[in-house]
Amino acid sequence: MQDYDKDPLIIESGEGVLLKDTEGNTYYDGFSSVWLNVHGHRKKELDEAIRAQLDKIAHSTLLGMTNVPATELAERLVKMTPKGLDRVFYSDSGASAVEIALKMAFQYWQNIGKVQKQKFVTMSNGYHGDTIGAVSLGNVDIFHKVYKPLLFDSYKVPYPYVYRHESGVEVICRDECLQELKRVLEKHHDEIAALIVEPMMQGASGMIKMPEGYLAGMQSLCKEYDVLLIADEVATGFGRTGELFACNHEAVVPDIMTTGKGITGGYLPIAATLTSEHIYQAFYDDYTKLKTFFHGHSYTGNQLGCAVALANLDLFENDQIIENVQTKSNLIKNELERFKELEHVGDIRQIGFMAGIELVKNKQTKESFKWEDRTGYQVSLKMRELGMLTRPLGDVIALLPPLASSPDDLKAMLGIMKEAIQTVTEGATVNG
Ligand SMILES: *Cc1c(COP(=O)(O)O)cnc(C)c1O
């Protein structure tokens with residue numbers, strides 16, 4: 001809070017990819033207001049969808065009944081997500097979607113009589129939200145360590161962080177991590193309910209990209225050892241990685257998938273956990289069998305949120321968002337190439353519109369800056385001064401612009417990033 005108080009930033013309005021504060025300064029929304037925004041701010045179609053829904057009803061409960069936009073949205077989600085995810089459970093944040101996934105996976109095994117399957121496999125550096133169940137599944141020390149006494153145990157396996165692996169070689173790092181996962185599953189699968197992973201890219205721990213073949217490899221191991229695969233697509237879903245869902249990159253169909261963030265185009269808090277008909281059926285029984293999934297939130301299935309989510313999905317089609325992200329992410333890739341020449345840029349990781357630049361003190365040894373120096377934070381302050389907002393992840397500078405950003409917007413944002421990195425880490429003032 002001390003940092004906030006020093007120089008408070010109060011946003012008053014937004015338009016397209018720009019945010020405006022109460023003092024009249026404008027900034028590029030370089031992180032999509034925490035990885036949410038898709039089509040820019042004040043998108044006409046989205047604004048209108050909410051106004052139209054307001055003329056019908058703002059909210060009624062989803063407990064014991066349903067509503068029109070929630071039903072329509074569920075149908076659309078089933079159609080657009082990987083084939084086999086046929087059932088939808090709503091909530092109102094990514095963390096809740098993860099809580100639901102974990103309780104569902106746990107209770108699935110209870111309901112079918114394999115009651116000893118109670119544990120989870122989690123990834124080093126994983127992040128799944130800030131509620132206690134989601135924190136238990138996460139492994140980012142700086143966020144999670146203090147709560148350790150409150151958390152349940154899991155089997156933690158190494159996530160393939162190629163840059164920080166002693167070999168530095170993708171396939172070696174990948175195969176080693178898969179072998180370790182296999183060892184854990186072989187030994188403990190009888191007591192393991194599910195494995196949770198952020199597909200293709202770990203977000204909050206610093207944009208750590210998986211080597212090719214890792215996700216598919218995980219899926220086959222989960223199948224082999226009868227362990228459910230939970231794909232947390234809260235950050236990666238809805239086009240962020242250049243595919244509708246990150247699982248599509250490797251044709252993976254998880255048993256449970258969590259979504260949130262971009263689902264409403266960044267407008268309202270809706271999240272959804274999807275699962276297979278097979279898992280759904282394990283809960284579907286006479287009330288007295290007590291197989292009910294006892295979980296619900298007051299605002300679940302909110303009509304305004306579902307209405308804007310539907311309009312968001314229409315825009316994905318009409319504005320050809322996925323195709324455009326694929327084309328424009330090449331531009332990001334090419335521009336990021338030029339960052340390699342900077343003295344303190346250690347690693348550049350990108351998939352689609354999700355990129356991270358890892359700053360290091362020494363490029364040769366990969367030695368990090370002292371955490372107390374807050375180099376990433378200093379860079380983000382410089383970027384703010386230059387007219388762009390993002391949040392650093394330690395010393396990783398994240399770029400996650402709205403998917404509708406134009407090539408010119410992207411070039412301007414990347415220009416600001418480069419200048420800020422160079423100014424802060426090299427102490428020099430440069431042009432562009
Ligand atoms: C942001 C995020 C969450 C949590 O979502 P909230 O809506 O902030 O609760 C969960 N998982 C991943 C991968 C995320 O990036």
Side-chain angles (χ1 to χ4, degrees), residues 31-38 81 89-105 120-140 142-144 147 151 154 159 194-210 215 218 229-241 243 245-247 249 252 254 256-274 295 297-300 302 305 308-309 312 349 351-356 390-394 396 398-401 403:
F31 68 144
S32 299
S33 297
V34 188
W35 320 355
L36 311 174
N37 196 278
V38 178
T81 49
F89 197 103
Y90 286 115
S91 55
D92 45 28
S93 70
S96 304
V98 168
E99 295 287 335
I100 289 158
L102 98 83
K103 285 173 69 180
M104 199 180 269
F120 289 82
V121 178
T122 64
M123 301 283 123
S124 57
N125 298 313
Y127 176 83
H128 302 287
D130 290 337
T131 54
I132 288 299
V135 169
S136 295
L137 298 176
N139 290 302
V140 185
I142 191 160
F143 307 150
H144 299 154
Y147 304 110
L151 308 180
S154 67
Y159 176 96
L195 173 157
I196 185 160
V197 67
E198 293 159 83
M200 297 318 288
M201 186 79 129
Q202 281 187 329
S205 59
M207 301 298 151
I208 312 173
K209 189 179 163 186
M210 280 181 181
L215 187 62
M218 287 180 104
L229 175 64
I230 304 172
D232 181 358
E233 292 255 16
V234 171
T236 51
F238 298 97
R240 181 54 62 188
T241 68
E243 292 281 348
F245 294 94
C247 283
H249 287 281
V252 161
I256 302 178
M257 187 170 106
T258 56
T259 66
K261 292 196 165 110
I263 191 171
T264 60
Y267 265 57
L268 284 167
I270 293 282
T273 306
L274 285 98
H295 193 109
H297 296 283
S298 320
Y299 280 97
T300 286
N302 175 264
V308 75
N312 172 41
R349 303 181 283 267
I351 183 166
F353 268 40
M354 196 172 190
T390 186
R391 266 182 84 72
L393 307 161
V396 175
L399 175 71
L400 294 96
L403 304 189

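All ligand and atom numbering here is 1-based and tracks the order in the structure.
- Ring-plane geometry between F245 and F238 is classed as perpendicular, the angle between the planes exceeding 60 degrees on a 0 to 90 degree scale with a lower cut at 30.
- Counting atoms of ligand 1 from 1 in the listed order, those under 4.0 Å from a heavy atom of E198 are 13 (C).
- Each of the atoms 15 (O) of ligand 1 lies under 4.0 Å from some heavy atom of A235.
- Put simply, the side chain of T390 does not reach to within 4.5 Å of the side chain of L399, judged on heavy atoms.
- Between D232 and ligand 1, at least one pair of N/O atoms sits closer than 3.5 Å.
- Ranking the protein heavy atoms by distance from atom 2 (C) of ligand 1 puts K261 NZ, 2.6 Å first.
- Checked by atom type, the side-chain pair T122/S154 shows a donor-acceptor distance below 3.5 Å.
- For the atom pair CE (M201) and CD1 (I208), the distance works out to 9.0 Å, reported to the nearest 0.5 Å.
- Of the protein's heavy atoms, G94 N, 2.7 Å lies nearest to atom 7 (O) of ligand 1.
- Put simply, CH2 on W35 and CZ on R240 are 9.5 Å apart, with the number rounded to the nearest 0.5 Å.
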Worksheet item: Between V135 and L151, is a side chain to side chain contact (heavy atoms under 4.5 Å, CB included) present by the stated rule, with each step listed?
Response: CA-CA 7 Å; V135 169; L151 308 180; 3.6 Å; yes
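- Residue S93 has at least one heavy-atom neighbour below 4.0 Å for each of these atoms of ligand 1: 7 (O), 9 (O).
- Among protein heavy atoms, the minimum distance from atom 3 (C) of ligand 1 is reached at V234 CG1, 3.6 Å.
- Looking from atom 9 (O) of ligand 1 to the surrounding protein, the closest heavy atom is A95 N, 2.8 Å.
- The G129 neighbourhood of ligand 1 comprises atoms 4 (C), 10 (C), with distances under 4.0 Å to a heavy atom of that residue.
- A side-chain contact (heavy atoms from CB on, under 4.5 Å) with T259 is found for one member of L274, T236, V234 and no other, namely L274.
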